[in-house]
**Student:** 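Provided herewith is a single structure, encoded as structure tokens, for subsequent inquiry.
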There are 2 protein chains.
Amino acid sequence: MQTGTAPSTQLVRRVNASAMLKAMRGAGIVTGTELMAATGLSRATVISICDELVRLGWLQELENQRGAGDYVKGRPARRFIFDDSAASVIGIDIGANKITAIVADMAGRPLSQVTRPFRAYNVPAKERADVLDSIAAEALEKAGVSADSVLAVSVGVAAPVSRGGEVLRAQEFWKSFDVRKIVSERHGWHVLLENDANLAALAERWQGSAQGVDNLVVMLAGDRLGSGILESGRLLHGQVGGFGELGYLDNVDGVGDTYGIAHYATLWGREALDSGADTKLRGLCGGDPEALTAEMVFRAAKEGDPAGRKVMDRMAHRMARVIGSISTLVNPELVVIAGAVADSARTLIPAMEKHVPDFTFTPPRLATSALGDGIVSLGAIRHALDYVEENALDLNPASLSKQIAAG
Amino acid sequence: MQTGTAPSTQLVRRVNASAMLKAMRGAGIVTGTELMAATGLSRATVISICDELVRLGWLQELENQRGAGDYVKGRPARRFIFDDSAASVIGIDIGANKITAIVADMAGRPLSQVTRPFRAYNVPAKERADVLDSIAAEALEKAGVSADSVLAVSVGVAAPVSRGGEVLRAQEFWKSFDVRKIVSERHGWHVLLENDANLAALAERWQGSAQGVDNLVVMLAGDRLGSGILESGRLLHGQVGGFGELGYLDNVDGVGDTYGIAHYATLWGREALDSGADTKLRGLCGGDPEALTAEMVFRAAKEGDPAGRKVMDRMAHRMARVIGSISTLVNPELVVIAGAVADSARTLIPAMEKHVPDFTFTPPRLATSALGDGIVSLGAIRHALDYVEENALDLNPASLSKQIAAG
DNA sequence: TCTCTAAATTTAGTGCATAAATTTAGATGA
DNA sequence: TCATCTAAATTTATGCACTAAATTTAGAGA
């Protein structure tokens with residue numbers, strides 16, 4: 001009589017294996033006893049899963065069992081270490097002006113980062129795939145990592161992406177389904193797609209100021225406003241990926257459109273110049289309003305320039321309305337402002353905290369992201385790692401070397 | 001050596017048992033073979049779970065195996081039937097003006113419905129519990145069902161309720177945590193709390209026009225606007241239950257507040273009267289603007305009265321803005337207008353369908369609820385049934401009779 | 001060398017499932 | 001009447017994943 005096992009039974013093993021990997025990631029060297037405490041499983045189970053994870057290439061067992069002399073009595077514990085370099089993932093951010101790729105190891109440590117500006121819109125699918133290919137190849141080379149070691153690639157795009165990873169309403173130039181297929185077929189990589197603001201939310205919860213926060217809004221607030229929303233720790237997508245779209249702001253009093261902080265800083269700064277006011281901005285941009293950047297306006301405000309400060313004041317009012325409206329409907333614990341302007345926007349926080357309660361009965365905590373420009377590609381790394389960890393028994397370093405051996 | 005089984009292993013049985021119950025609910029008489037097809041489980045498993053469910057009082061096995069002559073060959077199948085009357089649940093809607101209770105059997109069939117108007121606000125917790133008790137008792141008596149057969153009670157309130165079932169920001173008069181505890185202790189019932197609009201969303205997906213819809217917004221649109229949101233089939237709550245709050249509409253152009261359809265129908269109808277226009281409304285309300293109701297305005301519009309039609313036109317524009325804004329952010333497949341005015345609001349649909357695309361790039365389908373005034377208590381029934389089905393192995397008819405025998 | 005100890009291993013048993021062989025209840029027809 | 005047919009139930013043999021308790025083991029120290 002042959003075998004036959006319920007898929008539901010095998011699922012238990014998958015769940016426990018994922019839990020073990022998650023417990024080990026970032027924990028350094030661990031013993032069976034520690035894992036028992038972390039997972040609630042029995043020693044027999046923990047050890048058997050460890051043995052399997054070693055076989056699959058996820059873990060390495062250390063030879064020198066007695067470690068840094070932290071304990072001495074009894075039989076020495078077997079010591080396992082998560083093998084950070086067993087495989088790698090790639091996170092890619094396809095922004096409006098540039099494309100960024102990060103190669104990271106299994107601990108999520110970035111090994112290399114490559115950024116390349118865009119040349120044109122509306123290039124054919126194959127060329128788009130080529131761009132993605134070449135930047136990925138460059139990042140891999142820079143990281144000193146083989147393309148065969150890549151277990152998953154996550155790509156962030158500035159367009160709605162459905163829960164299933166499909167871009168159904170291809171805004172601007174990026175119609176990604178083809179690309180996904182092409183890249184996947186070329187390298188055998190698993191390619192995931194996700195909205196850029198959603199990835200920023202994952203990044204912020206992973207390494208930013210939203211650690212442990214389950215109800216979170218992250219606003220990408222550079223030139224345009226976009227938002228990624230986590231509810232009970234889950235990303236929201238809606239029917240075709242539009243959850244978090246902010247177009248309704250067009251009709252909100254005192255907001256009127258979805259332009260972001262950088263856009264309005266520049267616009268209002270130029271208005272101040274045009275008004276003929278006496279302001280430091282004139283010096284900063286060399287007298288040419290077209291040369292004025294958001295950065296200059298922030299700097300002027302910081303240095304006490306009245307025109308700059310007035311811009312900041314208007315900005316805080318405007319953003320308070322934006323955050324107030326979304327917080328009413330979504331009721332997050334925390335709203336994080338992210339993107340290229342996040343760092344400069346930190347000075348806006350006190351004023352925003354003051355005004356947001358005028359627009360919602362459930363004011364959230366406010367923060368700015370410290371993750372900088374790479375937040376989306378970092379979120380893509382987390383997204384890819386999540387996928388790999390969930391599928392660790394099917395998608396693993398050992399399966400890679402088998403492929404290599406077979407190919 | 002004694003036993004010891006992983007909780008994760010037992011979980012498989014629970015999941016399969018729930019799946020079996022869900023497959024049987026509403027299916028009438030079923031055989032093992034049919035259940036194999038419905039659940040994907042093997043015959044041995046299906047039969048063993050059936051035997052267990054019979055033991056727990058969920059199912060009954062029929063004696064006369066050969067049914068209505070639909071087939072004849074082979075060994076007669078054992079035939080099981082879900083015992084609708086094995087236990088019951090109560091769904092309660094605590095509205096602004098009245099409280100409604102429905103007692104239903106395990107098939108979700110309402111056995112009785114009782115409505116009672118409110119007398120006062122701000123009654124002490126014990127009295128509130130007494131009101132709930134007495135209306136529940138009345139509904140049980142009317143249904144001819146014993147209080148001992150109740151497996152769960154779900155209560156809908158017009159206030160934010162967190163995922164854990166706690167009312168953290170007790171709007172108006174209902175601070176329900178006490179009540180939950182009191183009722184639970186008096187009868188040993190499991191008492192669940194949920195927001196009324198969320199329950200309406202469950203009802204609409206269960207028996208309304210949203211069957212099979214996973215991304216859904218249901219708007220309670222009577223005197224005040226409220227919304228319940230399902231994303232990927234899950235109710236959204238946010239940090240303290242505020243997800244779906246519409247207070248941001250205060251600042252949306254052409255909306256300005258959260259008053260509902262009934263409110264504005266009455267208000268605008270009175271404006272028409274005050275303007276001295278020649279309108280049927282004057283006859284309908286007997287010349288007294290204070291006596292004018294939303295219902296009269298709808299009727300006048302239906303009969304072609306110009307003033308009434310003008311109100312409908314304004315209403316469609318206003319609601320298009322409301323639905324457009326929420327649809328932009330939430331991206332539902334379908335928006336259902338529910339509550340007491342739903343039936344009258346059906347005539348608004350074509351105009352709203354025309355205008356909604358002006359306010360969102362992702363216009364949803366629109367519908368009005370046919371579930372009438374009882375939509376919240378019906379949703380509470382579904383909520384309670386969901387809870388019972390998820391916990392069918394722990395919370396079951398046999399455990400009830402055991403309690404009775406022990407007590 | 002003996003003892004102690006904490007951890008690993010081994011052994012026994014449970015729960016939940018599958019799959020294949022066998023039995024069974026009834027219908028049918030020689 | 002009784003063998004035959006059939007679809008379903010049962011029985012039997014396994015597999016997998018886990019727990020729990022008994023036993024062994026690797027090193028430290030008296």
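Numbered from 1 within each chain, the chains take letters A, B, ... in sequence-line order. Just so it is clear, the values below take in all heavy atoms, side chains as well, and ignore hydrogens, waters and symmetry mates. Not measured: the values here are computed from a predicted model.
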**Student:** Mind calculating the distance between CG (Asp51(B)) and P (dC16(C)) to the nearest angstrom?
**Tutor:**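 Value for this atom pair: 14 Å.
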
**Student:** Without hydrogens or angle criteria, can the side chains of Asn16(A) and Ser18(A) be said to hold a donor-acceptor pair below 3.5 Å?
**Tutor:**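 Note: Asn16(A) and Ser18(A) side chains miss the donor-acceptor criterion.
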
**Student:** For the pair made of CZ in Arg79(A) and P in dA26(D), what is the distance, rounded to whole Å?
**Tutor:** 17 Å

**Student:** Can you measure Leu35(A) atom CG to dA8(C) atom P for me and round it to whole angstrom units?
**Tutor:** 10 Å

**Student:** CZ of Arg43(B) versus P of dT10(D): gap in Å, rounded?
**Tutor:** 10 Å

**Student:** In terms of side-chain heavy atoms of Ile47(A), which of dA19(C), dT9(C), dA8(D) is nearest?
**Tutor:**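 Output: dT9(C).
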
**Student:** Please report, rounded to the nearest Å, how far the P atom of dA7(C) is from the CE atom of Met36(A).
**Tutor:** 9 Å

**Student:** Within the distance-only criterion (no hydrogens, no angle test), does the side chain of Trp58(B) pair as donor or acceptor with the backbone N or O of Ala86(B) below 3.5 angstrom?
**Tutor:**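 It does not hold such a pair.
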
**Student:** Could you check how far CZ of Arg14(A) sits from P of dA17(D), rounded to whole Å?
**Tutor:** 9 Å

**Student:** Given 3.5 Å as the limit, does a donor-acceptor pair link the side chain of Gln207(B) with the main chain of Glu204(B), or not?
**Tutor:** no

**Student:** dC18(D), dA19(C), dA9(D): which one has an atom nearest the side-chain heavy atoms of Asn16(A)?
**Tutor:** dC18(D)

**Student:** Nearest to the side chain of Val12(A), which nucleotide is it out of dA17(D), dC16(C), dA8(C)?
**Tutor:**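 Selected nucleotide: dA17(D).
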
**Student:** Does dT9(C) have its OP1 or OP2 closer than 4.0 Å to a side-chain nitrogen or oxygen of Arg78(A)?
**Tutor:** yes

**Student:** Between atom CG in Leu41(B) and atom P in dG15(C), what is the gap in whole Å?
**Tutor:** 19 Å

**Student:** Nearest to the side chain of Pro76(A), heavy atoms from C-beta on, is which of dA8(D), dA26(D), dT9(C)?
**Tutor:** dA26(D)

